[in-house]
Structures are given as C-alpha cells and as structure tokens.
S.K.: 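Let me give you the structure first, and then I'll get to my questions.
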Amino acid sequence: RVHALGKLNRFDEALEAVDKCLTMEWPTGLNGDYGIFTHKRHLLKAQILAQLGRFDESLELFEHALSVDPGLVVAVYGKGSVLLTLGRYHEALPELQKCFANEEYGLRAMRGAAECLFRLHRFAEASELLETQWNQGVRDEDLFSLWAQACERTADASALLGAFQA
C-alpha cells in the first residue's frame with residue numbers, strides 16, 4: 001500500500017500507511033525478507049519524508065537504514081540527494097559518487113554529483129562528469145546548460161566548443 005501511494009504521489013497517505021507499518025511486529029516464524037522489518041520500512045519512510053520536504057527527518061531514517069545495510073544503494077542515493085537539496089555539497093558528493101556504478105541510480109547520481117562539483121567551484125570536474133553523462137545518452141537542456149556553464153567557468157575554449165558541438 002505504501003509503495004502504491006508513493007507512486008501515485010499521495011505522500012500524506014503514504015506517510016500514514018508507513019507509520020502504521022512501523023508499529024507492527026515481525027511475527028515469530030514468518031518467512032520473508034526480514035530486512036523489511038529491520039530497515040527497509042524506515043527507508044521507505046525516509047523517501048516519503050524527502051518528497052514532503054521534511055529533509056532532516058528523512059536523513060535520520062536514511063542513516064538508520066545505512067547502519068543496518070551500508071551498501072544499500074537506494075539509501076545511499078537518497079541520502080546524497082537530500083544532502084544536495086540542502087546545499088550540503090561536501091557531504092552529498094561522496095554519497096552520490098558511491099552510486100555511479102549502479103545501473104538504476106548511476107546517471108542520476110552523476111547528475112547530482114556534477115551539481116555538487118559546480119557549486120563547489122570544481123568546474124573542470126563538473127564539466128567532465130556532465131560530458132560523460134551526455135556521451136552515455138542523457139540529453140536534456142538542463143544538463144547541457146550546466147555543462148556549458150562549467151566549461152565557461154574553466155575558460156577552456158576547446159571544452160566549451162566540444163560541448164556546443166555535441
């Protein structure tokens with residue numbers, strides 16, 4: 001139910017449903033993914049809270065999920081995205097970088113990391129990361145605009161020309 005409500009962008013209802021889940025106990029002898037009980041329901045609530053703009057609360061729950069399963073990419077990506085939204089670029093960058101190799105979150109994580117690099121005035125690195133995304137098939141005006149701005153800030157005319165040629 002929580003997943004369905006979230007997919008429908010009915011976040012207030014999803015929050016109510018996940019809070020109900022958090023009050024439930026794991027029955028003795030129940031088969032299944034025990035991670036749902038230990039941390040995945042907390043992760044789900046973290047994602048919902050982030051959608052509702054309740055970032056500090058969501059960070060606490062992302063941290064809880066990661067304390068149980070440090071390699072849970074969806075939690076790493078969620079944490080990095082929230083830190084980016086909060087403008088905590090130094091903290092967001094390494095979290096997002098951990099997701100680059102992931103098939104589902106890699107390109108989105110690269111985009112967030114490029115934003116962090118740009119905001120940290122690391123323009124050459126941002127430019128390279130944006131070019132990588134472009135070369136991997138991400139084609140949108142926002143990416144191109146940030147790429148061109150990063151190239152301009154490096155004063156590397158050949159990089160800027162390359163962006164416009166692409």
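Numbering starts at 1 and runs along the sequence shown. Remember, predicted model here, so these are calculated numbers, not experimental data.
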S.K.: So, taking the atom named CD in E115 and the one named CG in L96, what distance separates them when rounded to the nearest 0.5 Å?
M.R.: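 So the CD of E115 and the CG of L96 are separated by 10.5 Å.
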
S.K.: Might you work through the side-chain contact (heavy atoms from CB on, under 4.5 Å) test for H39 and L72, ending with a clear yes or no?
M.R.: CA-CA 10 Å; H39 64 287; L72 187 61; 3.8 Å; yes

S.K.: Under a 4.5 Å cut-off applied to non-hydrogen side-chain atoms, are L107 and R111 in contact?
M.R.: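 Not in contact.
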
S.K.: In the structure I gave you, are the side-chain heavy atoms of V138 and M110 within less than 4.5 Å of one another anywhere?
M.R.: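 In short, these two side chains do not touch, never coming nearer than 4.5 Å.
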
S.K.: Any link between L84 and L146 through a network of hydrophobic side chains (Ile, Leu, Val, Met, Phe, Trp, Tyr) touching at under 4.5 Å?
M.R.: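 Hydrophobic grouping puts L84 with L146.
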
S.K.: Please evaluate residues L93 and R122 with respect to the criterion side-chain contact (heavy atoms from CB on, under 4.5 Å), reporting the C-alpha separation (whole Å), side-chain torsions for both, the decisive distance (0.1 Å), and the verdict.
M.R.: CA-CA 12 Å; L93 182 59; R122 294 166 58 182; 3.5 Å; yes

S.K.: Is it the case that atom CD in Q136 sees more than 12 heavy atoms from other parts of the structure closer than 6.0 Å?
M.R.: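 Check passes, neighbour count above 12.
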
S.K.: Are F164 and W147 linked, directly or through intermediate hydrophobic residues, by side-chain heavy-atom contacts shorter than 4.5 Å (ILVMFWY only)?
M.R.: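 Same cluster: W147 reaches F164 through Ile, Leu, Val, Met, Phe, Trp or Tyr contacts under 4.5 Å.
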
S.K.: I'd like to know if the side chain of R1 and the backbone of A17 have a donor-acceptor N/O pair within less than 3.5 Å.
M.R.: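 Flag not set: sc R1 to bb A17 has no pair under 3.5 Å.
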
S.K.: What residue among V82, L61, V18, L59 forms side chain to side chain contact (heavy atoms under 4.5 Å, CB included) with L49?
M.R.: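 With L49 as partner, V82, L61, V18, L59 yield a single side chain to side chain contact (heavy atoms under 4.5 Å, CB included), made by L61.
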
S.K.: Within the structure provided, determine whether Q47 and V74 are in side-chain contact (heavy-atom separation under 4.5 Å).
M.R.: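 Contact flag for Q47/V74 side chains = yes.
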
S.K.: I want to check something: taking the side chain as every heavy atom from C-beta on, are H42 and V68 in contact at a cut-off of under 4.5 Å?
M.R.: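 With C-beta onward as the side chain, the pair stays apart.
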
S.K.: Provide the closest heavy-atom pair for D142 versus D140 in the form atom of the first, atom of the second, distance.
M.R.: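 Shortest heavy-atom separation between D142 and D140 comes out as N-OD1, 3.0 Å.
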
S.K.: Roughly how far, to the nearest 0.5 Å, is CG of D56 from CG of L86?
M.R.: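 Reported to 0.5 Å precision, the distance equals 6.5 Å.
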
S.K.: Start with the C-alpha gap between S145 and Q149, add the side-chain angles, then the distance that decides, and say whether side chain to side chain donor-acceptor pair (under 3.5 Å) holds.
M.R.: CA-CA 6 Å; S145 177; Q149 289 177 57; 3.1 Å; yes

S.K.: Show your reasoning for whether salt bridge (Lys or Arg N to Asp or Glu O under 4.0 Å) applies to K20 and E16.
M.R.: CA-CA 6 Å; K20 183 177 178 181; E16 186 178 311; over 6 Å; no

S.K.: Considering all heavy atoms of both residues, which atom of A150 and which atom of A126 are nearest to each other, and what is their separation?
M.R.: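 Answer, listing the atom of A150 first, then A126: CB-CB, 4.3 Å.
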
S.K.: Membership question, hydrophobic clusters at under 4.5 Å side-chain separation (ILVMFWY): are F11 and F55 in the same one?
M.R.: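 Result: no, two separate clusters.
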
S.K.: Determine the minimum heavy-atom distance between A92 and C116, stating which atoms define it.
M.R.: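 A92 and C116 have their closest heavy atoms at CB-SG, 3.7 Å.
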
S.K.: For a quick test of reading the model, state the closest non-hydrogen atom pair linking R41 to C21 and the distance between them.
M.R.: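 Scanning both residues completely, I find the closest heavy atoms to be NH1-O, 2.7 Å.
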
S.K.: For the atom pair CG (L130) and CD (E125), what is the distance rounded to the nearest 0.5 Å?
M.R.: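 Rounded to the nearest 0.5 Å, the CG-CD separation comes out at 11.5 Å.
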
S.K.: Going by the angle between their ring planes, with limits at 30° and 60°, are F123 and F118 parallel, tilted or perpendicular?
M.R.: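 If you compare the ring of F123 with that of F118, the planes turn out perpendicular.
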
S.K.: Any side-chain hydrogen bond (donor to acceptor under 3.5 Å, both in side chains) pairs touching residues 67-85, not counting sequence neighbours?
M.R.: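 Output for this query lists E63-K79.
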
S.K.: Of all heavy-atom pairs between E95 and E91, which one has the smallest distance, and what is that distance?
M.R.: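 Smallest interatomic distance, heavy atoms only, reads CG-O, 3.5 Å.
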
S.K.: Where is the tightest heavy-atom contact between T154 and A124, given as atom of each residue plus distance?
M.R.: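 It is CG2-N, 3.4 Å.
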
S.K.: Check for me, please, whether L129 and V76 land in the same ILVMFWY cluster - side-chain distances under 4.5 Å, paths through other members count.
M.R.: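 Per the 4.5 Å side-chain linkage, L129 and V76 are not co-clustered.
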
S.K.: Hey, what do you get for CD (E131) to CG (N135), rounding to the nearest 0.5 Å?
M.R.: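 So the CD of E131 and the CG of N135 are separated by 5.0 Å.
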
S.K.: Rounded to the nearest 0.5 Å, how far apart are SG of C151 and CD of E128?
M.R.: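 Those atoms lie 9.5 Å apart.
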
S.K.: Is Y105 linked to F62 within one hydrophobic cluster, defined over Ile, Leu, Val, Met, Phe, Trp and Tyr using a side-chain heavy-atom separation of less than 4.5 Å?
M.R.: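 They do share one cluster, since a chain of ILVMFWY contacts under 4.5 Å joins Y105 to F62.
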
S.K.: With a 4.5 Å heavy-atom cut-off, do K45 and V2 have their side chains touching?
M.R.: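 Heavy-atom side-chain distance check fails, nothing below 4.5 Å.
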
